[in-house]
Amino acid sequence: MNTAPTFDISFDGRSVPCQDGWTIGAALTAAGVRSWRTTRIAGRPRGLFCGIGVCFDCLVTVNGQPSVRACLAPARQGDDVRTQLGTGT
Amino acid sequence: MTAERPAGADVVVIGAGIVGAACAYHAARAGLSVCVLDRGPLAGGTTGAGEGNLLVSDKPPGPELQLALLSNRLWRELGAEQWRSGTVADRIELDVKGGLVVAESEAGLVGVRQFADRQRAAGVAAADVTSADLPDYEPKIAAGLAGAVHYPQDMQVQPMLATAVLLRLARDAGATVLPDMEVTGLLRDGARVTGVRTAGRTVIAEAVVNAAGTWAGEIAALADVSVPVAPRRGFVLVTEPLPQLVRHKVYLTDYVADVASDSSALQSSPVVEGTPSGTVLVGATRERVGFDRTPSPDAVRALATSAVRLFPFLAQVSALRVYRGFRPYCPDHLPVIGPDPRAPGLWHAAGHEGAGIGLAPATGHLIAQALRGVVTDLPLAPFRPERFMAVP
């Protein structure tokens with residue numbers, strides 16, 4: 001039985017449920033979101049690839065900070081997560 | 001029907017790095033039959049671990065600068081060739097972005113300006129940049145620097161793409177390229193070299209060109225001659241992809257001194273540049289530690305620290321990875337280019353240290369000229385392979 005406290009983060013304006021200890025990448029994946037970034041040149045969708053912080057494919061904008069690795073960043077209550085277009089700047 | 005003959009070529013090139021590829025390209029274009037062999041993949045040695053610096057800015061007047069200026073012209077000619085629906089330049093990410101050599105102190109700036117004066121007399125384009133004008137060249141550069149010299153001829157290329165395209169063009173001109181084919185011995189006729197032997201075949205050749213880079217000494221030893229090429233380790237740091245924030249090849253004046261240094265200790269002066277894929281590359285440490293592939297936190301820290309000194313915004317940027325290569329250097333920091341009189345039939349094109357990508361086209365061009373018996377555009381005497389022999 002999982003008794004970890006739950007909270008919500010925001011992804012492009014909608015609520016995504018989360019538990020303590022989850023990364024942003026885990027929360028998005030659990031909510032069925034597969035991509036949250038577009039590539040810089042061709043605009044193709046990207047999400048988790050390696051999942052361990054090496055490939056930099058899962059970059060996302062968190063609380064206004066672009067290029068955060070979703071697979072490493074712990075989810076915190078009230079995080080404002082936004083799809084990142086290109087370099088996000 | 002005739003009996004099966006051993007394979008033959010006018011020229012066998014050992015090594016499918018950028019220098020071997022340039023030799024093959026120029027020799028094949030000159031009408032020679034060419035066979036390129038490499039024990040591994042294309043660009044699998046030092047070429048694939050390079051930064052793609054095509055610099056005239058870091059070279060004092062002398063034979064290496066002459067080689068760099070000739071290469072500069074040949075890179076542009078290659079870039080202007082048609083490739084599919086575009087140009088070779090687009091395909092190999094050849095970018096005439098220019099270099100910016102920055103001085104931190106007034107004393108350093110005096111040195112940079114004097115160096116540039118000497119280079120101008122040797123045909124290099126160089127323009128003084130005042131401290132106040134620096135942001136026009138590099139908006140994100142650190143404040144408080146003394147000044148700079150701008151070198152519009154400096155270029156950048158993606159070394160692996162350039163190697164692949166040169167070899168493709170060589171094949172279009174009739175060359176054969178055989179990766180994963182290690183040369184295990186040389187065919188001999190007395191002192192003469194008459195071809196190469198691999199595990200499965202022999203190739204007879206009029207000339208065998210040793211373009212084995214950092215491992216050129218091993219090939220020379222197969223012909224019982226010595227070519228003193230040794231490895232110098234260099235790390236390059238790669239950042240996450242960014243919008244274009246660095247426009248030139250930007251480096252501190254120390255880099256020039258490091259390149260010419262004879263010290264074996266770790267040296268680090270940043271060369272910072274953007275790439276078409278968005279990553280920023282930070283080179284280049286130099287250490288003499290043999291073929292030690294161990295990652296070095298000290299080297300990487302030194303690179304990162306010095307890069308932030310030039311571009312403070314990099315302090316907020318993530319590094320993706322680090323890679324290292326072994327630059328082939330000779331005791332006098334000049335390459336070996338030309339025929340080896342100690343083993344007729346054997347030629348060398350190696351030992352370009354950290355400038356092999358930049359110097360490859362001129363090397364290939366001069367080798368192809370000499371192979372055909374044409375007067376070379378530059379004298380090969382400074383690059384003679386036998387120049388290191390002890391005087392009796």
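Not measured: the values here are computed from a predicted model. Residue numbering restarts at 1 for every chain, and letters A, B, ... go by the order of the sequence lines.
Shortest non-hydrogen contact noted between B/Ala319 and A/Phe56 is O-CZ, 3.9 Å.
In this structure a side-chain-to-backbone donor-acceptor pair under 3.5 Å is missing from A/Arg40 to B/Gly278.
Note on residues 81-99 of chain B: pairs passing salt bridge (charged side-chain N to carboxylate O under 4.0 Å, His left out), not counting sequence neighbours, are B/Arg29-B/Glu81.
Atom CZ in A/Arg69 sits 8.0 Å away from atom CD in B/Glu240 (nearest 0.5 Å).
With a 4.5 angstrom heavy-atom cutoff, B/Leu320 touches chain A via backbone and side-chain atoms both.
The number of heavy atoms from other shown groups lying within 6.0 Å of CZ (A/Phe49) does not exceed 12.
A/Asp79 pairs by the salt bridge (Lys or Arg N to Asp or Glu O under 4.0 Å) definition with nothing, not counting sequence neighbours.
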